[in-house]
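Since the structure comes first, as structure tokens, the remarks are kept for the end.
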Amino acid sequence: MIEPNNNDKESTTMNIKQILSEKIAAAMVAAGLPEGTNPAISLSNRAEFGDYQANGVMGAAKKLKTNPRELATKVVAELSSSKSLDGIASNIELAGPGFINIHLEQQWLATQLNQVAQDKFIGVTQRGVNQGDDVQTVVVDYSAPNLAKEMHVGHLRSTIIGDAVVRALEFRGDKVIRQNHMGDWGTQFGMLIAHLSDKLAGDEVAETALADLENFYREAKVRFDNEEGFADRARADVVKLQSGDEACAKLWQQFIDISIAHSEEIYAKLNVSLQRSDIMGESAYNDDLSTVIDELMAKEIAVESQGAKVVFIDEMANKDGEPSVFIVQKSGGGFLYATTDLSACRYRSGKLAANRIVIFTDARQGLHFKQVEIVARKAGFLPEHVGYQHCPFGMMMGDDGTPFKTRTGGTIKLAELLDEAIVRAATLIKEKNPDISAAELTHISKKVGIGAVKFADLSKNRTSDYIFNWKTMLSFEGATAPYLQYAYSRIQSIFSKAESAKAGAVDNNAVINIVEPQEKALALKLLQLEDTIDAVISECTPNLLCNYLYELASLYMSFYEACPILKEGISDEVKASRLALCQVIANTLKQGLDILGIEVMDRM
RNA sequence: GCGCCCUUAGCUCAGCCGGAUAGAGCAACGCCCUUCUAAGGCGUGGGUCGCAGGUUCGAAUCCUGCAGGGCGCGCCA
């Protein structure tokens, strides 16, 4: 193969789509198409159309107003004469109005897979290795529970979706700075401090008084609404707190510490990577808020209106030309979450040097973040080159399809949900495996139960609302985390059998041969990990990784039925090859699930 | 009133910067455990992609309108 000698610059990738894209883009240019035309490589959806297909010619032909079929003929001819896909594709054919169907060479596929098998990152190129694929500093704002209350099911999505995206970014090699923008500074804290103060005066210990935050909040609220003088005390305490009163600050700190501890318990149980050092609560921006307002006023971005300071956003005017209103300071001088979020923009792009800021909150805050971005950009808090991405997610709906609201005391605490999942898992595991030891049961049911809850949520499209249902969430059949964990365990079981029988333990240097259709399907799937990770990262959509892993596990299950490994009559070569294939699958499942924050186990 | 989101199989959902005959899981039905873990595999049935137009070689996907549901819109976060 004669090619310009630029091997030292050429990327070393095992990514099929990327390789095909480069080759076909080159052929397209050689065939007279403009530089930069997207070859639009995608997986073929039917075997007769090959493994991959290039659809880009048709779109390009449309733009150039030429015949797509003729153009595609030229590209195919170019591919053939340049021999650029020799050894990679076994057959390239033109179909329909201008599809280019690519059948991959089985041997080449095996070569790529063997390379992946030797790669520490299972074929996922690390940022910074290739030119133009630089390491990004990504600030990710997620979880952000309100510390006034206990975490409930509504906090689940931000927490686990954000954590999955964070881990995906890190696995690809980006620098991630987690920011847990906890709600620790609202007016409600006046009421809570006042109530806590009374409890402590009554000889209670803070830890005990705050053992049940939900209860504590309710008590305080009742007093606020009904008790003579309490509301005034509460309001006074907010003012004192915000102006730096030491006694109030101490009470507040006690409250916050205990509430954070509650959250940390949940994080630990959920296997979420957030640490205390990731907390950058609303209170942390307090000292900067007046500066933010001063700057907005000085730049004449904000103006006074009805006693408050607001920004009129013309960019978001309605049809009548009335600008969108964004209040940045209350008429009484108080600040709002708008102010805090503006301050956060400046901190993140400035001090944290973010290239990209990603925020996970529910969809109801969409308007707010649109406004924040416009104002922050105008004020220079958010330079042009810094990406700002609000990643909304849908609401939690009840079984009847209406919003899952706080019915008569009906919020489900996250802690209780997780415990129930674990109990249900334990029941099921015991059924399947009556002889299991108590210790192992505890160990496994935790991973299975938590995994199931997380997968149920993570596997759904982030943006749509989703129906909360105990039964489907905690059913461990079908496309669920336990299915994936089970696939992993089956592989481990084969490994341990192979070793105990000395039947040929896994040889990391064994060559994987692709013979059976199930093996080929697995090879193709395994080589798509990087594409999947990249899609997860760019759109912040972990459900794509869930789909990928489920498909991988499903292909493995078929392989498991069709391709025996340790049974009679399997040659050493085939055995070694299939064991090595199993190893790559296991590594991929484990790594993929780890990104989702779901654990695997050798036996279940 | 204005704005944003959603509507795909009985149920829960994929697919959405246009691609070929719209896919899974659950539920239903039929097979497969003396054989590497049946939390499994193989198969069958099940669809006017909310409705109506438009754009074009091609629309679940893009545009317009309509209906239904959800959410938001000056001092909560």
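Naming: A, B, ... by sequence-line order, numbering from 1 per chain. None of the values given here were measured: they were computed from a predicted structure.
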Establish, with yes or no, whether the OP1 or OP2 oxygen of [N] is under 4.0 angstrom from a side-chain nitrogen or oxygen of [X].
X	N	answer
A:Tyr337	B:A77	no
A:Asn461	B:G15	yes
A:Lys575	B:C36	no

Please classify the nucleic acid contact of [X] as base, sugar-phosphate, or nothing, using heavy-atom distances under 4.0 Å.
X	result
A:Asn45	sugar-phosphate
A:Ala363	nothing
A:Ser489	base
A:Tyr483	sugar-phosphate
A:Lys460	sugar-phosphate
A:Arg69	nothing
A:Ser558	sugar-phosphate
A:Ile565	base
A:Phe326	nothing
A:Tyr466	sugar-phosphate

* Asked: Hey, are the side chains of A:Met604 and A:Ile429 touching, using non-hydrogen atoms and a 4.5 Å cut-off?
  -> no
* Asked: Between A:Tyr347 and A:Tyr285, what is the ring plane arrangement, given parallel below 30°, perpendicular above 60°, and tilted in between?
  -> perpendicular
* Asked: Would you say the side chains of A:Asp184 and A:Ser283 form a donor-acceptor pair under 3.5 Å?
  -> yes
* To do: Could you tell me which nucleotide pairs with B:A67 by Watson-Crick or G-U wobble geometry, both distances under 3.5 Å, or answer none if nothing does?
  => B:U7
* Map A:Lys330 and A:Arg603 onto RNA chain B by nearest heavy atom, then report which one ends up closer to the 5' terminus. => A:Arg603
* So, do A:Tyr483 and A:Tyr550 have ring centers that fall under 6.0 Å from each other? ->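 Yes, the ring centres sit under 6.0 Å apart.
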* Asked: Less than 4.0 Å between a side-chain N and a carboxylate O, is that true for A:Glu420 and A:Arg424?
  -> yes
